[in-house]
Amino acid sequence: MPLLHRNFPGYVQLASMWIRMFFTYRANIVFQLLGLLLQIFLLRVVWSAVYASNSASSTIPLSTVIAYLTLVNLQFTLLNPFLADYIQERVSKGLIVFDLLRPIGFLQQMFAGQIGATTGVLPFILAALPFAAVLGSLRPPFSLAALGFYLLSLALAYLLSALLSLLIGMIAFWTIEMSGFRMIYYFTSQFFAGAFIPLVLFPEPLRTVAGILPFQALASLPFSIYLGQLQGPALAQALLTQLAWVLILGLLTSFIWRLALRRVIIQGG
């Protein structure tokens, strides 16, 4: 805690640097959000056609599916793992040495940067909410209690997303160029989080795989809490699942970082 207090001004400075960077490239964010709104609209068109053909399962109403896909995709944009791209760029250009020379640890720098990036993109997402409601569908939370637990679940999902992004980014210490791997990760994480198809509609083998992987904790679990579909013991289990993944990936991130740091020393020697 004393170390955190002493370095707090540095964390704030790093976060503010990322905020300024995002506002500098605000046109890029606007186009990304336009792409997001187009994706939400296309998902609504596709799923409306699927339900109109009577080939969809009656397990979940169409209105819930569309609301689910709208909120999940907005949430994924908020949790966008910027760190993987950033780490690869720093490693490939040899700029990682300047990050290592700073008095603040590298992992702490990355978390401060992620918070700054999220803060920078948040106003744009809020501005896109009315358009997302028109092109897709949004609904209020099941209750105030559900909203509170959803925000807690969203915070855990945020930590989980940042840790996954750090792990993916640190692959660059071994491969340098990892654009193809990142694309595979982004698609896999969105698919098994339910950003394209709600997990309840997955066939049994895929649903089992989705239940084993951590990606459901990024979107499906928070949304289920938001709608009040998880209450009592099921709610506690969902939050504990998210917390367990945060702890597991936190330990794994620390271990991989020690290996990556040794890799940097070898390359520099």
Rounded at 0.5 Å granularity, tell me how far [atom1] in [X] sits from [atom2] in [Y].
X: I248; Y: L243; atom1: CD1; atom2: CG; result: 10.0 Å
X: M183; Y: T188; atom1: CE; atom2: OG1; result: 11.0 Å
X: L218; Y: L156; atom1: CG; atom2: CG; result: 11.0 Å
X: S48; Y: L43; atom1: OG; atom2: CG; result: 10.5 Å
X: L152; Y: L235; atom1: CG; atom2: CG; result: 8.5 Å
X: T253; Y: L163; atom1: OG1; atom2: CG; result: 4.5 Å

Step by step, work out the side-chain contact (heavy atoms from CB on, under 4.5 Å) result for M170 and L259. CA-CA 10 Å; M170 283 191 288; L259 295 180; over 6 Å; no
Among side-chain atoms of [X] and [Y], is any donor-acceptor pair under 3.5 angstrom?
X: S254; Y: R258; value: yes
X: Q75; Y: Y150; value: yes
X: Q237; Y: T241; value: no

Check: R207 side chain, L201 main-chain N or O, donor-acceptor pair, under 3.5 Å: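 No: the side chain of R207 does not pair with the backbone of L201.
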Is a donor on one side and an acceptor on the other found under 3.5 Å between the side chain of T118 and the backbone of Q114? yes
Do [X] and [Y] touch side chain to side chain, with heavy atoms closer than 4.5 Å?
X: L239; Y: I225; result: yes
X: V246; Y: Q242; result: no
X: Y185; Y: L164; result: yes
X: L36; Y: F76; result: no

Minimal non-hydrogen separation, [X] against [Y], with atom names:
X: P214; Y: L160; result: O-CD2, 3.6 Å
X: L199; Y: A210; result: CD2-CB, 4.1 Å
X: A238; Y: L230; result: CB-CD1, 3.8 Å

Partners passing side chain to side chain contact (heavy atoms under 4.5 Å, CB included) against V209 (at least two apart in sequence or in another chain): F192, L213
For F196, what residues pass the side chain to side chain contact (heavy atoms under 4.5 Å, CB included) criterion, not counting sequence neighbours?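 Testing F196 for side chain to side chain contact (heavy atoms under 4.5 Å, CB included), a comparison that skips the adjacent residues, returns Q39, F187, Q190, F191.
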Would F106 and I87 count as a side-chain contact (heavy atoms from CB on, under 4.5 Å) here? Give the steps. CA-CA 10 Å; F106 179 76; I87 294 174; 4.0 Å; yes
Does one hydrophobic cluster hold both [X] and [Y], with members joined at side-chain heavy-atom distances below 4.5 Å?
X: Y51; Y: F41; value: no
X: L154; Y: F142; value: no
X: L74; Y: L38; value: no
X: I125; Y: V134; value: no
X: F131; Y: L33; value: no

Is it the case that more than 12 heavy atoms not belonging to F202 sit under 6.0 Å from its CZ atom? yes
Neighbour count above 12 (heavy atom, 6.0 Å) for F149 CZ: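 No, the 6.0 Å shell around CZ holds no more than 12 heavy atoms from other groups.
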Show me the side-chain donor-acceptor pairs of residues 63-71 shorter than 3.5 Å, one per line, residues at least two apart or across chains.
unit_1 : atom_1 : unit_2 : atom_2 : d
S63    : OG     : R139   : NH2    : 3.4
Y68    : OH     : A193   : O      : 3.3
Y68    : OH     : G194   : O      : 3.1
T70    : OG1    : I66    : O      : 2.8
T70    : OG1    : S137   : N      : 3.0
T70    : OG1    : S137   : O      : 3.3

I'd like to know whether F215 forms a ring pair (Phe, Tyr, Trp, His ring centres under 6.0 Å) with W245, so could you lay out the CA-CA distance, the side-chain angles of the two residues, the decisive distance to 0.1 Å, and finally the verdict. CA-CA 10 Å; F215 304 124; W245 274 116; 8.6 Å; no
